[in-house]
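Below, chain A is the first sequence line, B the second, and so on; all start at residue 1. It should be emphasised that the depicted structure is a prediction, and the values quoted were computed from it without experimental measurement.
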2 protein chains.
Amino acid sequence: MTQSRPVYLKLRDQIAAAIIEGLYPEGAMLPSVRALAAEQGANPLTVAKAYQQFQNDGLVEVQRGVGMYVVKGAAELLRRRERDLFLREEWPEIRARMERLGLKPADLVEQS
Amino acid sequence: MTQSRPVYLKLRDQIAAAIIEGLYPEGAMLPSVRALAAEQGANPLTVAKAYQQFQNDGLVEVQRGVGMYVVKGAAELLRRRERDLFLREEWPEIRARMERLGLKPADLVEQS
DNA sequence: ATGGCTGTATTATGGCACTGAAGCACCTGG
DNA sequence: CCAGGTGCTTCAGTGCCATAATACAGCCAT
């Protein structure tokens, strides 16, 4: 009934947002899989799955037995990548939907 | 890897969009479960599941043995409902995300 | 009445995503 | 060395989604 996005995707977005916002600066160590799992009430594996994608994209460096570190330039890279994805994949659909609903982007600019 | 939203949800959105846009005017008969299933390459049951929600919301009238018809005022009702949902649930998140990515709504208003 | 179209219910099955628990492999500090 | 922290692998369980095959129930034109 409720949308219920997968947990690992929520975490992924959340982590990405944190990196972009500089909450995890370049060179900083990310929270350990277990620590973040405990904090979020999730399974360590689920957190690992969320981290996985950042490794694949080369945005974090893994030091086995030590931790995962934010690569230099990760924030800017991530921002650029997300921005492109947003403009290319999501915005057109959102735009079409708003039009269908009779909402103009200009009307929403002034919202709180 | 790919998002792969459930088929029945895709159908639901697609039908809702069609109703709002007047492709299925008030009083018109919706495509039969089997017909839409064949057209979309889906299972009749899956289509039925998509239709189900519209029945529950009283947006379509079922005439068993005949077909399903769009109720009067369904389009406006649907538009209003979707609009509220959009403004309350989705827009704030989209807005936050755009801000995080360094995108201003005003910049996108002029897009094609 | 009958055939053909509607929606609906039932049951079973396969697939896949998500989550969980336990254990392995690795590094660091004492 | 070893105890504690890392990430990572494996096995298994659960639930949702989609499909399939049948059968049932209602309406209508022929």
Side-chain angles (χ1 to χ4, degrees), chain A residues 1-16 18-19 23-72 74 78, chain B residues 1-16 18-19 23-72 74 78:
Chain A
M1 164 190 188
T2 42
Q3 257 285 58
S4 86
R5 289 223 314 155
V7 174
Y8 81 99
L9 284 182
K10 281 184 201 160
L11 291 174
R12 184 181 61 77
D13 290 349
Q14 174 179 331
I15 296 161
I19 292 180
L23 205 147
Y24 302 142
E26 305 180 347
M29 175 177 160
L30 291 170
S32 80
V33 171
R34 288 175 179 81
L36 188 56
E39 176 192 329
Q40 296 287 332
N43 190 285
L45 201 74
T46 305
V47 177
K49 191 171 184 180
Y51 278 153
Q52 190 81 43
Q53 317 210 354
F54 296 107
Q55 310 179 31
N56 297 341
D57 294 354
L59 294 173
V60 303
E61 185 191 10
V62 179
Q63 291 189 19
R64 196 180 176 117
V66 182
M68 302 175 56
Y69 294 86
V70 179
V71 150
K72 178 167 183 176
L78 200 52
Chain B
M1 167 190 181
T2 42
Q3 260 280 65
S4 83
R5 290 222 315 155
V7 174
Y8 82 99
L9 284 182
K10 281 184 198 158
L11 291 174
R12 183 180 62 75
D13 291 348
Q14 174 180 329
I15 296 161
I19 292 179
L23 206 147
Y24 302 143
E26 304 180 348
M29 175 178 159
L30 292 170
S32 80
V33 171
R34 290 174 178 82
L36 188 56
E39 177 191 329
Q40 296 287 332
N43 190 285
L45 251 70
T46 305
V47 176
K49 191 172 184 179
Y51 278 152
Q52 190 82 42
Q53 316 210 355
F54 295 106
Q55 310 179 32
N56 297 341
D57 294 354
L59 294 173
V60 303
E61 184 191 10
V62 179
Q63 290 190 20
R64 195 180 177 118
V66 182
M68 303 176 56
Y69 294 86
V70 180
V71 151
K72 178 168 183 175
L78 202 51

Nearest-nucleotide 5' precedence on DNA chain D, A:Gln55 against A:Gly65: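 Nearest nucleotide further toward 5': that of A:Gly65.
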Base C:dG7 to side chain B:Arg34, donor-acceptor N/O within 3.5 Å cut-off: yes
Would you tell me if any nitrogen or oxygen in the side chain of [X] comes within less than 4.0 Å of OP1 or OP2 on [N]?
X       : N      : result
B:Ser32 : C:dT6  : yes
B:Thr46 : D:dC17 : no
A:Tyr51 : D:dG7  : no

For [X] and [N], give me the distance from atom [atom1] to atom [atom2], rounded to whole Å.
X       : N      : atom1 : atom2 : value
A:Asn43 : C:dG23 : CG    : C1'   : 14 Å
B:Gln63 : D:dG26 : CD    : C1'   : 11 Å
B:Gln53 : C:dT8  : CD    : P     : 13 Å
A:Met29 : C:dC27 : CE    : P     : 15 Å
B:Tyr69 : D:dG26 : OH    : P     : 18 Å
B:Leu45 : D:dC24 : CG    : P     : 17 Å
B:Arg64 : D:dA25 : CZ    : C1'   : 4 Å
B:Arg5  : D:dC17 : CZ    : P     : 11 Å

Distance-minimising heavy-atom pair for A:Tyr24 and A:Pro31: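 The answer is OH-CG, 3.4 Å.
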For the student: nearest non-hydrogen atoms of A:Ala74 and A:Glu26, plus distance: N-OE2, 4.1 Å
Side chain to side chain contact (heavy atoms under 4.5 Å, CB included) assessment of A:Gln40 paired with A:Val7: CA-CA 10 Å; A:Gln40 296 287 332; A:Val7 174; over 6 Å; no
Consider the side chain of [X], meaning its heavy atoms from C-beta on, and name the nucleotide among [options] that approaches it most closely.
X       : options                : result
A:Val66 : C:dT28, C:dC18, D:dC17 : C:dT28
B:Lys49 : D:dC17, C:dT19, C:dA25 : D:dC17
B:Val62 : D:dT19, C:dG7, D:dC8   : C:dG7

Main-chain N/O of A:Leu59 paired to A:Asp57 side chain as donor or acceptor, under 3.5 Å: no
4.5 Å side-chain heavy-atom contact, A:Leu30 and A:Phe54: no
Touch class at under 4.0 angstrom, heavy-atom based, for A:Gln52 against every strand present: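 Counting heavy atoms under 4.0 Å across all strands, no contact is made by A:Gln52.
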